[in-house]
Enquirer: 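Structure incoming, see below.
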There are 2 protein chains.
Amino acid sequence: MSSERALALLRHAPIFQGAQEPDLLPLAELGRFSVLSRGQHLFQAGQAVESLYVVALGSVRVYRLSRGGRRELTLHVEGPRQVVAGVAAFQSRAVYPAHAQALQSPTEVLALPVDAVREAVFHTPALAQAVIAYFARRQAELLGRLDSLVFSELGERLAAYLLEHSAAPHALPTNSELAALLGTVPELISRKLGEFYRLGWIVLERAGAAHRAGQRRGGTGPAGRRHAKRGGALRKTPAPCPLFSPVLL
Amino acid sequence: MSSERALALLRHAPIFQGAQEPDLLPLAELGRFSVLSRGQHLFQAGQAVESLYVVALGSVRVYRLSRGGRRELTLHVEGPRQVVAGVAAFQSRAVYPAHAQALQSPTEVLALPVDAVREAVFHTPALAQAVIAYFARRQAELLGRLDSLVFSELGERLAAYLLEHSAAPHALPTNSELAALLGTVPELISRKLGEFYRLGWIVLERAGAAHRAGQRRGGTGPAGRRHAKRGGALRKTPAPCPLFSPVLL
DNA sequence: CGGACCCTTGAGTCAGGTCAATGATAGTGG
DNA sequence: CCACTATCATTGACCTGACTCAAGGGTCCG
């Protein structure tokens, strides 16, 4: 039964944190899994909202395009157990406000019909409470995003990103992906990383031996790649590039 | 009884749209009105969240400061019936994420204790539903804000603002206020408005005869003030400045 | 009249962005 | 194994929007 998998997934989804199994059962039964490959879209901005998705495997990037379509801004990258379009599902004008695409190659999501979700949430206090808490968290994140974009400059945002993601040695996303995440263009990411490298804030390493876990960087210029650390008042060093680990200094 | 006024206010607050009077009664009874004068703070970012506020009269500006404190970004300006700190009230780490201050001189707000609000919302499906819808709207607004800040340049944001607020002839906020709203500094607002004026996109008029409705602009440079129109693909003309009315062209 | 604010401007600086060329890598189909 | 193509990263040249600093004037209030 796929509804068992669905139930297990829903039980651990933060958006429903605190809900009891019986509350989630009806939703789990309506859920349908589907598999996407890297680059495939779950939905495009402007489409009518039909489903809310829970990531089961892989990861999904939610992003908006600039009017000209020349630039994009990544709003979220959701991994397993995270929800995509969780907010849109409760909006009255039911169109997705952003695009969503799979980032890795097997990416599996559970689609839940929005009507059923609304129904369940509105009739189950525990669910409603969980959703409210989730929305509040979400908005706090967005606010943080907002003022980092307005108040801090690129170097700072990049350094913050690197520090935040330096827990385990791992590969850096593509420069384009980083650019979309930080609200800029790939060229600037390259320059900044180069600068950090020259300053000794980061170390770099070929992606060579790396497992090709869904996405890996292609060519590498002159010196290979860098890795970074820094920030307004931050202090930390980085390690190997596509792969890196943090080291305090 | 002030609780009657409170109830009337709550019944028309969008955050509780759809709720029935009996659901709101307990909240209304716990509400306390207070009056602030221009510039006075309802709360500062970082303080523990104790109340959620519903504006009864006047208007409240919610804003964040940059780390250095040199710049500020206005997140919302809430008028009568609107809620301040509606999202913060449901966050687990209970500290206000922003500052809030009265914009006009009598500004009256109804303070509701957050515990009571949470209690009421979590136990009343109609309220929970209303709050969820409100949060979803709120997030959509924030998203719009986000990408206008990331994707469009100042002239465009200013024009958009002017168009959006040109319904009735009325005074423009201070340049500093506009700057905070649009994520920039007062000097640039002045330059851009001047530019729009020279282009004939806006007309201006001394604030002279204007009623001093809480805030009015002080001195006026050379030509007085401007008024604006323009935008990526927008078409509209404006009228007198501090006071203006829109005119299609 | 002095002080506190505002608005307006000129000058100068710089981060961030555009455009385009160069080199590499990985994957594909032979 | 190899030519071929698509995707990336890196850089130099150059442009410009946005910001800072500072000065000049106004208005309003006490």
Side-chain angles (χ1 to χ4, degrees), chain A residues 38-39 66 68 70-73 105 149-158 171-180 182-198 204-228 241-242, chain B residues 38-39 66 68 70-71 105 149-158 171-180 182-198 204-210 212 215-227 241-242:
Chain A
R38 174 170 167 77
S66 66
R70 319 177 56 78
R71 283 174 56 188
E72 32 189 69
L73 178 66
S105 232
L149 283 168
V150 174
F151 294 139
S152 30
E153 33 193 66
L154 183 56
E156 214 169 318
R157 300 202 296 276
L158 177 55
L172 233 43
T174 301
N175 283 359
S176 312
E177 283 168 293
L178 278 176
L182 304 179
T184 183
V185 295
E187 291 93 323
L188 289 191
I189 297 290
S190 182
R191 287 188 218 278
K192 279 292 169 193
L193 283 175
E195 184 183 327
F196 288 0
Y197 174 70
R198 258 168 265 121
L204 68 105
E205 187 169 281
R206 295 337 263 309
H211 42 323
R212 177 146 294 68
Q215 95 242 48
R216 189 69 305 105
R217 60 188 353 103
T220 314
R225 280 302 292 295
R226 309 46 196 257
H227 207 193
C241 172
Chain B
R38 174 169 167 76
S66 67
R70 318 177 56 78
R71 283 174 57 188
S105 235
L149 284 168
V150 175
F151 293 139
S152 30
E153 34 194 64
L154 183 56
E156 213 170 319
R157 301 203 296 274
L158 177 55
L172 234 42
T174 304
N175 283 1
S176 310
E177 283 167 296
L178 278 176
L182 303 178
T184 182
V185 296
E187 290 94 325
L188 290 191
I189 297 291
S190 181
R191 286 186 220 279
K192 279 291 169 194
L193 283 175
E195 184 184 327
F196 288 0
Y197 173 71
R198 257 166 267 125
L204 66 107
E205 188 169 280
R206 295 336 263 311
R212 178 149 293 68
Q215 96 243 48
R216 189 69 304 109
R217 57 188 354 102
T220 313
R225 281 300 291 293
R226 306 54 194 252
H227 207 194
C241 170

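Per chain, numbering begins at 1; letters A, B, ... match sequence-line order. Both backbone and side-chain heavy atoms feed into the values below; hydrogens, waters and symmetry mates do not.
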Enquirer: How many angstroms lie between atom CZ of A/Arg157 and atom CG of A/Leu178, to the nearest 0.5 angstrom?
Expert: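 Taking CZ in A/Arg157 and CG in A/Leu178, the distance rounds to 12.0 Å.
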Enquirer: Starting at CG of B/Asn175 and ending at P of D/dA18, how long is that distance when rounded to a whole Å?
Expert: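 After rounding, the gap between these two atoms is 16 Å.
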Enquirer: How close do A/Ser105 and A/Arg38 get, heavy atom to heavy atom, and via which atoms?
Expert: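 Smallest heavy-atom distance, with atoms named: OG-N, 3.2 Å.
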Enquirer: To the nearest Å, how far apart are B/Tyr197 OH and C/dT9 C1'?
Expert: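 Spelled out: OH on B/Tyr197 to C1' on C/dT9 is 16 Å.
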Enquirer: Among C/dG17, D/dT20, C/dC6, which is the nearest nucleotide to the side chain of B/Val185?
Expert: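 Nearest listed nucleotide: D/dT20.
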Enquirer: For residues A/Ala179 and A/Pro186, report the shortest heavy-atom separation together with the two atoms involved.
Expert: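 That closest heavy-atom pairing would be CB-N, 3.4 Å.
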Enquirer: Can you find a side chain N or O atom of A/Arg70 that sits less than 4.0 Å from OP1 or OP2 on C/dC19?
Expert: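 Yes, such a contact exists.
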Enquirer: Is there a side-chain contact between B/Leu149 and A/Leu149 (heavy atoms, below 4.5 Å)?
Expert: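 No, side chains not in contact.
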Enquirer: To the nearest Å, how far apart are A/Glu187 CD and D/dT7 P?
Expert: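 These atoms are roughly 16 Å apart.
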Enquirer: For B/Gly155 versus B/Phe196, what's the shortest heavy-atom pair and its separation?
Expert: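 Answer, listing the atom of B/Gly155 first, then B/Phe196: O-CZ, 3.6 Å.
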Enquirer: Quick test of your reading of the model: are B/Glu195 and B/Arg198 salt-bridged, counting only N-O distances below 4.0 Å?
Expert: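 Here B/Glu195 does not pair with B/Arg198 in a salt bridge, since their nearest N and O are not under 4.0 Å apart.
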Enquirer: I need the A/Leu154 CG to A/Leu188 CG distance, nearest 0.5 Å.
Expert: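 If we round to the nearest 0.5 Å, A/Leu154:CG and A/Leu188:CG are 6.0 Å apart.
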Enquirer: Between atom CD in A/Glu195 and atom C1' in D/dT10, what is the gap in whole Å?
Expert: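 Taking CD of A/Glu195 and C1' of D/dT10, I get 14 Å after rounding.
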Enquirer: Between D/dT11 atom C1' and A/Leu193 atom CG, what is the distance in whole Å?
Expert: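 Checked: the CG to C1' distance equals 14 Å.
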Enquirer: Are the side chain of A/Arg71 and the backbone N or O of A/Val185 linked by a donor-acceptor pair below 3.5 Å?
Expert: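 No, because the side chain of A/Arg71 does not come within donor-acceptor range (under 3.5 Å) of the backbone of A/Val185.
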Enquirer: Tell me: CZ of B/Phe151 to P of C/dT18, nearest whole Å?
Expert: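 Atom-to-atom, B/Phe151 to C/dT18, this comes out as 11 Å.
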Enquirer: Please list, for nucleotides 14-16 of chain C, all pairs of protein and nucleotide N/O atoms separated by less than 3.5 Å.
Expert:
residue, atom, partner, partner atom, Å
C/dG16, OP1, A/Leu154, N, 2.8

Enquirer: Side chain of A/Ser190 only, please: which of C/dT18, D/dT20, D/dT11 is the nearest?
Expert: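 The answer is D/dT11, which lies nearest to the side chain.
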Enquirer: Among A/Asn175, A/Leu158, A/Thr184, which residue meets the side chain to side chain contact (heavy atoms under 4.5 Å, CB included) test with A/Lys192?
Expert: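 It is A/Leu158, the one option of A/Asn175, A/Leu158, A/Thr184 that forms the side chain to side chain contact (heavy atoms under 4.5 Å, CB included) with A/Lys192.
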Enquirer: Check nucleotides 11-13 of chain C against the protein and report each pair of N or O atoms closer than 3.5 Å, with its distance, or say if there are none.
Expert:
residue, atom, partner, partner atom, Å
C/dA11, N6, B/Arg191, NH2, 3.1

